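Keep in mind the model is a prediction, meaning the values are calculated, not measured.
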Amino acid sequence: MADKGERQLLKSSFGVGAATLLSRILGLLRVRLEATVLGGGEFASGWFLAFAIPNLLRRLLGEGALGTALIPLVAQAEHDNPERVRRELAVIFTALSALLAAIVVLIAGGTLLLRELVWDSNIAFFNTERMRLTLILLPILMPYGFFICLVGAIGAVLNYAKVFVLPALGALLLNLFLIGGLAAGSMLGISADRMPPFLSLLAVLVLISGFVQLMLMLLLLAWYGRFPLLKRSSFRDAGVLSRLWKLALPGMIGGAALQISFVVDRLLAVWIGPRAVPALTFVDRIVDLPIGIFALSLGAVLMASMSRSAAAGDTSRLADELFFGLRHVYFACIPMAVAVIIFHRPMLELLCLGGNYTVEDLAAARWVAVFYGAGIPCFCSIKVLLPAFYSRKDMITPLKFSLIAIAANVLLNLALMFPLQQGGLALATVLASMLNNTLLITRLRRDGLRVEGRALLFSGARALIAAAVAAAAAFGAENWLDGRIAATGWMAMFAIFMLVMAVYGVIYLLAARLLRAPEIAEIFPLLLRRRRQRE
C-alpha cells in the first residue's frame with residue numbers, strides 16, 4: 001500500500017497527466033488534420049523535418065536538460081535563502097535568452113545561406129520537394145525554439161513550487177493554433193501548388209502560439225513569487241551559471257538521448273523515400289501518448305520530490321520513490337505497448353487514413369508501429385530513471401550511457417534501415433533505448449540505491465501476462481463486432497474501436513487484480529477519494 005508521500009506523487013502526476021491528456025487529445029485531432037491535409041508524402045516530410053529542429057532544441061534547452069538541472073539548483077537556493085532563487089533566475093534566464101537567440105540566428109541564417117547555394121543546383125537530394133520545403137520552413141520555425149525553450153525552463157521552476165497543472169495546460173496552445181489553421185486548410189481544399197505558402201502560414205501560427213505561451217508562463221512566475229529579480233546586484237553572482245552549466249551541459253545529451261534518436265531516425269529516413277518520415281512521425285504521435293500522459297507527468301513530479309530527498313540526504317526515501325515510479329510505469333505502459341502492437345492498424349486508420357493520406361502511406365507505417373510500440377515501456381522508464389541521477393547532481397553518468405546508446409542507435413540504423421526500411425530505424429531506436437535502460441539501472445544498483453531487479457521483473461511480467469489476456473479478449477470482441485456491425489463510416493469504426501479498447505482496459509484491470517498487482521490498491525483508493533472530495 002502506498003504511503004502518504006507516494007499518494008502525493010500519484011495525486012500530482014494525475015493532475016499533470018489530466019492536463020497532458022487534454023493536450024494529447026487535441027494533438028490527435030491535429031494529427032488527423034495533418035494527415036488529411038498534408039498526406040503521407042513529400043509535403044508532410046518537409047513540414048515534419050523542419051519542425052523537428054526547434055523541437056529538439058526544446059528537448060535540449062527547455063524541458064530537457066536545462067529544466068531538469070534547474071530543479072536541484074532551485075532546491076538548494078530556496079533551502080539557503082528564498083530571495084536567492086529570484087536573483088539566480090535573473091542570471092539564468094538572461095544568459096539562456098542570449099544563448100537561444102544566438103542559436104536561432106545561427107540555424108536560421110545558415111538555412112537561408114544553404115538555400116541560396118543549393119536552390120538552383122543540380123544536386124538531386126536538394127531538388128526533392130521535401131528538402132525544398134524544409135529549407136523554406138526552418139527559418140520561420142526557429143524562433144519558436146526560443147519561445148518554447150524558455151517556457152520549458154520556467155515550467156521546471158514552477159514544478160518545484162508544486163505548480164504542475166497550469167504549466168502543463170500551456171501546451172494546449174500550439175495544438176489549438178495548428179488545429180485552427182489545418183481545419184481552415186481542410187475546408188478550403190489546399191491544392192499542391194498552394195501547399196508551400198499554406199505551410200508557411202502554419203509556421204507563423206506556431207510562432208504566435210509560442211509567444212503567447214511564454215507570456216502566460218511569465219505571468220505564472222510572477223503570480224507564484226518566482227519572477228527573476230532583474231537588478232544589477234543579481235548579476236554579481238556569476239557562479240550560478242558555472243554551477244548550472246556543469247549540471248546542464250552533460251544532461252543535454254543524457255536527458256535527450258531518445259529525442260536525438262528520433263531526430264536521427266527522421267534525418268536518415270529522408271534517404272529512404274517520401275513516405276518514411278511521415279510514417280515515423282505519425283506513429284511517434286501515438287507512442288507519445290503514454291510518454292506524455294504518464295511518464296513525463298510522473299517524471300516531473302519525481303524530479304521535484306527526489307531533489308528534496310537528495311537535498312535532505314535521504315537516500316533511502318529517494319530509492320523508494322524510484323522503485324515506486326518504475327513499478328507504476330511498467331503497470332501503465334506495458335498494456336499500452338501491447339495495445340499498439342496488436343491494434344496499430346485500426347489506430348492508424350482512424351488517426352490518419354483519408355484525404356491525402358492513402359492506403360500505401362498506411363502500409364509504410366506498419367512495422368514502425370510494431371517496433372515503436374514494443375519500445376513504449378523503455379521510452380517511458382527513462383523518464384523515471386534520469387531523475388534518480390539528476391536529483392543527486394550526477395549528470396555525467398547518464399551522459400556516458402546516452403552517448404553509448406546514441407552510437408549504438410546510429411550503427412543499428414545503418415545496419416537495419418536498408419533491409420527493413422523505416423521499420424529498421426524504429427527497431428534500432430528501441431534496441432538502443434533498451435541498452436540505455438539496462439546501463440542506468442545497473443549503475444543505480446552499484447551506487448547503492450535499492451532498485452529491486454527481481455521485483456521489477458516480476459512486476460513487468462505480471463503486467464505483460466494481464467495485457468496478453470486482455471489483448472486476446474479484445475481481439476475476440478473485435479472479431480465478434482466486425483461480424484455483426486457493418487462499419488463503413490469513420491464514426492462507426494471509431495465506436496467499434498472504443499468498445500474494443502474498453503474491453504481491453506477492463507479485462508486488463510481485472511486480470512491485474514487477480515494477479516494481485518499492488519498498483520491497483522495504490523491507484524484506486526486515491527481516485528475514489530478525489531471523487532468523494534468533488535462530491
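- The CD1 atom of Ile465 sits 12.5 Å away from atom CG of Leu514, with the distance rounded to the nearest 0.5 Å.
- Proximity of a side-chain donor or acceptor of Ser433 to a complementary backbone N or O of Thr429 within less than 3.5 Å is not detected.
- Contact detail for Ala364 and Gln422: the closest heavy-atom pair is O-NE2, 2.7 Å.
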Requested in this report: Given side chain to side chain contact (heavy atoms under 4.5 Å, CB included), test Tyr372 with Leu280 step by step and report yes or no.
Outcome: CA-CA 9 Å; Tyr372 269 173; Leu280 290 165; 3.7 Å; yes
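- The backbone N or O of Ala428 sits nowhere less than 3.5 Å from a side-chain atom of Asn413 that would complete a donor-acceptor pair.
- Contact annotation: the side chain of Phe343 approaches that of Glu478 to within less than 4.5 Å [non-hydrogen atoms, C-beta and beyond].
- For the side-chain contact (heavy atoms from CB on, under 4.5 Å) criterion with Leu199, the lone passing option out of Ile190, Leu38, Leu141 is Leu38.
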Requested in this report: Assess whether side chain to side chain contact (heavy atoms under 4.5 Å, CB included) is satisfied between Leu174 and Arg30, documenting all intermediate values.
Outcome: CA-CA 10 Å; Leu174 174 64; Arg30 168 187 148 197; 3.9 Å; yes
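- By the 4.5 Å heavy-atom criterion applied to side chains, Trp367 and Gln421 are not counted as neighbours.
- Looking only at side-chain heavy atoms (C-beta outward), Ile272 and Phe418 stay at 4.5 Å or farther from each other.
- The minimum heavy-atom distance between Leu499 and Leu481, with the atom names listed, is CB-CD1, 4.1 Å.
- Across all their heavy atoms, Ala332 and Met336 have their closest contact at O-CG, 3.2 Å.
- Leu182 is not listed as a side-chain neighbour of Met187, based on a closest heavy-atom distance of 4.5 Å or more.
- Between His328 and Cys380 there is no side-chain heavy-atom pair separated by less than 4.5 Å.
- One N or O on the side chain of Arg130 and one on the backbone of Val270 form a donor-acceptor pair closer than 3.5 Å.
- Here the two rings, on Phe51 and Trp47, have centers that are under 6.0 Å apart.
- Panel note: side chain His344, backbone Ile341; a donor-acceptor pair is recorded below 3.5 Å.
- In this structure, CG on Leu350 lies 6.5 Å from CZ on Phe497, to the nearest 0.5 angstrom.
- The closest donor-acceptor contact from the side chain of Glu519 to the backbone of Phe331 lies at 3.5 Å or more, if one exists at all.
- Atom CE of Met498 is separated from atom CE of Met493 by 14.0 Å, given to the nearest 0.5 angstrom.
- Looking at Asn175, its side chain never comes within 3.5 Å of a backbone N or O of Leu172 through a donor-acceptor pair.
- In this structure, Glu34 CD and Thr36 OG1 are separated by 10.0 Å, a value rounded to the nearest 0.5 Å.
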Report task. Would you please test Ser381 and Leu326 for side chain to side chain contact (heavy atoms under 4.5 Å, CB included) and show each step? Result -> CA-CA 6 Å; Ser381 59; Leu326 287 173; 4.0 Å; yes
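- At least one side-chain heavy atom of Leu322 sits under 4.5 Å from a side-chain heavy atom of Leu385.
- Across all their heavy atoms, Ala276 and Ala269 have their closest contact at CB-O, 3.5 Å.
- Comment: Arg266 engages Asp284 in a salt bridge, judged by a side-chain N to carboxylate O separation of less than 4.0 angstrom.
- Checked by atom type and distance alone, the side chain of Ser402 pairs as donor or acceptor with a backbone atom of Pro398 at under 3.5 Å.
- Distance alone, capped at 3.5 Å, places no donor-acceptor pair between the Asn436 side chain and the Leu439 backbone.
- Of all non-hydrogen atoms in Ala473 and Ile507, the two that sit nearest each other are CB-CG1, 4.0 Å.
- Looking at Glu321 and Phe324, their side chains never come closer than 4.5 Å, going by heavy atoms from C-beta outward.
- Ring pair Tyr508/Tyr504 is parallel by interplanar angle, where below 30° counts as parallel and above 60° as perpendicular.
- Taking CE of Met491 as the reference point, atom CD1 of Ile496 lies at 12.0 Å (rounded to 0.5 Å).
- Under the 3.5 Å distance criterion, the side-chain polar atoms of Arg366 are left unmatched by any main-chain donor or acceptor of Leu362.
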Report task. Tell me, with the steps shown, if Asp447 and Phe389 meet side chain to side chain contact (heavy atoms under 4.5 Å, CB included). Result -> CA-CA 10 Å; Asp447 287 349; Phe389 291 91; 4.3 Å; yes
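- Between Phe282 and Phe48, the ring planes are perpendicular. Angles over 60° get that label, and only those under 30° would be called parallel.
- The shortest side-chain heavy-atom distance between Asn409 and Asp265 falls under the 4.5 Å cut-off.
- Contact record, Ala369 with Val340: O-CG1, 3.6 Å, taken as the closest heavy-atom pair.
- Remark: Leu133 CG to Met195 CE distance equals 9.0 Å, nearest 0.5 Å.
- With Thr438 contributing its side chain and Met434 its backbone, the two residues share a donor-acceptor pair below 3.5 Å.
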